[in-house]
Amino acid sequence: MAKKDKVSETPATAFLRLHGVAFTEHPYEYLEHGGAQHSAQVLGMDPFAVVKTLIMQDQDAKPLVVLMHGNRKVSTKNLARQVGLKSVEPCAPEVANRHSGYLVGGTSPFATRRTMPVYIEDTILGLPRICINGGRRGYLVGIAPQVCVQLLGAQPVRCALAE
């Protein structure tokens, strides 16, 4: 691996190493508001296999994590119905930062500051590998999607909408 491609440890990568998870590192030039579509394009990846980590909250302002394909949106109505909540909405960026311990745009589902329930779009689990944020803006890690279920207890849901 070229020296410039080596990224310093993040809480997320430390967590993955601690649990013996093999992962690949994919640094890229971060673009404000570029999202998963931008990272997929820059890295030459399918945005369907680039998974975004979204911090949302329920009707009582309790946070939760949603893992979604990079080229899909979350149907908050479908999600709320499937997980038995009245409503779900995205957190404000500063609230999401507080819950996760990461900056929006660099949010990883691994080693979050606060333990939150994790929901994963079930079609992600059918992919051989995914790229997901490694805990820093401009940095993805490649892992097997089952890692999200094994280490985070991610519950499969069907709440994707075409973007």
Side-chain angles (χ1 to χ4, degrees), residues 7-16 18-19 21 23 26-40 42 47-125 130-141 143 145 147-163:
V7 177
S8 60
E9 194 86 294
T10 67
T13 55
F15 178 88
L16 292 171
L18 178 70
H19 288 88
V21 175
F23 62 90
H26 304 276
Y28 65 95
E29 191 70 37
Y30 177 74
L31 173 67
E32 193 78 31
H33 305 296
Q37 295 273 36
H38 168 73
S39 57
V42 178
F48 194 74
V50 174
V51 174
K52 51 190 175 185
T53 304
L54 305 167
I55 308 297
M56 300 202 166
Q57 64 187 16
D58 68 12
Q59 66 280 351
D60 300 320
K62 291 189 179 130
L64 55 109
V65 178
V66 180
L67 304 178
M68 181 54 70
H69 297 287
N71 58 355
R72 299 288 186 271
K73 289 185 175 173
V74 174
S75 166
T76 54
K77 284 183 181 174
N78 285 348
L79 176 62
R81 190 175 60 245
Q82 288 179 56
V83 300
L85 297 171
K86 286 182 187 161
S87 66
V88 173
E89 64 183 11
C91 286
E94 58 280 358
V95 175
N97 293 345
R98 268 200 320 270
H99 290 316
S100 70
Y102 296 107
L103 291 175
V104 168
T107 304
S108 175
F110 303 107
T112 54
R113 177 177 293 152
R114 198 170 165 180
T115 303
M116 299 174 269
V118 179
Y119 301 97
I120 186 168
E121 177 63 27
D122 74 349
T123 50
I124 292 170
L125 298 173
I130 59 171
C131 276
I132 195 163
N133 199 284
R136 173 176 290 124
R137 290 174 171 176
Y139 178 56
L140 300 180
V141 292
I143 59 171
V147 168
C148 299
V149 175
Q150 294 158 353
L151 296 184
L152 303 173
Q155 298 174 47
V157 291
R158 282 213 169 222
C159 60
L161 295 171
E163 191 151 89

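Quick note: residue numbers are just sequence positions, from 1.
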Anything under 3.5 Å between a donor and an acceptor, one on a side chain of residues 101-113, the other on a protein residue two or more places apart or in another chain? List them.
from	atom 1	to	atom 2	distance (Å)
Y102	OH	A12	N	3.2
Y102	OH	F110	O	2.6
Y102	OH	A111	O	3.4
T107	OG1	L103	O	3.4
S108	OG	F110	N	3.2
S108	OG	N133	O	3.0
T112	OG1	R114	O	2.7
R113	NH1	R98	O	3.2

Taken in chain and number order and not counting sequence neighbours, the residues that satisfy side chain to side chain contact (heavy atoms under 4.5 Å, CB included) with E94 are A92
Mind checking the CG-CG spacing from D60 to L85? Nearest 0.5 Å is all I need.
-> 8.5 Å
Does E32 CD have over 12 foreign heavy atoms under 6.0 Å away?
-> yes
Could you state the interatomic distance from OH (Y139) to OG (S39), rounded to the nearest 0.5 Å?
-> 14.0 Å
Gap between atom CG of N71 and atom CZ of F48 - 0.5 Å precision | 6.5 Å
Partners of N78 by side chain to side chain contact (heavy atoms under 4.5 Å, CB included), sequence neighbours excluded?
-> S75, R81, Q82, C159
With sequence neighbours left out, the residues meeting side chain to side chain contact (heavy atoms under 4.5 Å, CB included) with H38 are Y28, L31, V42
Checking side chain to side chain contact (heavy atoms under 4.5 Å, CB included) for the pair L152/V65: CA distance, chi angles, key distance, verdict?
-> CA-CA 10 Å; L152 303 173; V65 178; over 6 Å; no
List for me each residue that meets side chain to side chain contact (heavy atoms under 4.5 Å, CB included) alongside Q150, sequence neighbours excluded, and say none if there are none.
-> Q146, V147
On a heavy-atom basis, the closest approach of K52 and A36 is CB-CB, 4.4 Å
Give the C-alpha distance, both sets of side-chain angles, the deciding distance and a yes or no for side chain to side chain contact (heavy atoms under 4.5 Å, CB included) between M116 and I55.
-> CA-CA 9 Å; M116 299 174 269; I55 308 297; 4.1 Å; yes
Might you work through the side chain to side chain contact (heavy atoms under 4.5 Å, CB included) test for C148 and I124, ending with a clear yes or no?
-> CA-CA 10 Å; C148 299; I124 292 170; over 6 Å; no
Spatial distance of atom CG (L125) from atom CD1 (I120) [nearest 0.5 Å] = 4.5 Å
Applying side-chain hydrogen bond (donor to acceptor under 3.5 Å, both in side chains), name anything that partners R136, two or more places apart in sequence or on another chain.
-> S8
Contacts of T123 meeting side-chain hydrogen bond (donor to acceptor under 3.5 Å, both in side chains) (sequence neighbours excluded), chain-then-number -> H69
Given the rule in the side chain to side chain contact (heavy atoms under 4.5 Å, CB included) test, do R158 and D122 qualify, once you have shown the distances and angles that lead to the verdict?
-> CA-CA 6 Å; R158 282 213 169 222; D122 74 349; 2.9 Å; yes
Looking only at non-hydrogen atoms, find the nearest pair between V74 and M68 and report the distance.
-> CG2-CE, 3.8 Å
For T10, side-chain hydrogen bond (donor to acceptor under 3.5 Å, both in side chains) partners two or more places apart | T13
Kindly give the heavy-atom pair with the smallest separation between C91 and H99, and that separation in Å.
-> SG-CD2, 4.1 Å
Provide the closest heavy-atom pair for V88 versus T76 in the form atom of the first, atom of the second, distance.
-> O-CB, 3.1 Å
E121: side-chain hydrogen bond (donor to acceptor under 3.5 Å, both in side chains) partners, not counting sequence neighbours | none
Closest heavy-atom pair, G70 versus Q37, reported as atoms and distance to 0.1 Å, is O-CG, 3.8 Å
Gap separating the CG atom of L67 from the OG1 atom of T53, nearest 0.5 angstrom = 5.0 Å
Sequence neighbours excluded, the answer for salt bridge (Lys or Arg N to Asp or Glu O under 4.0 Å) partners of E9 is R17
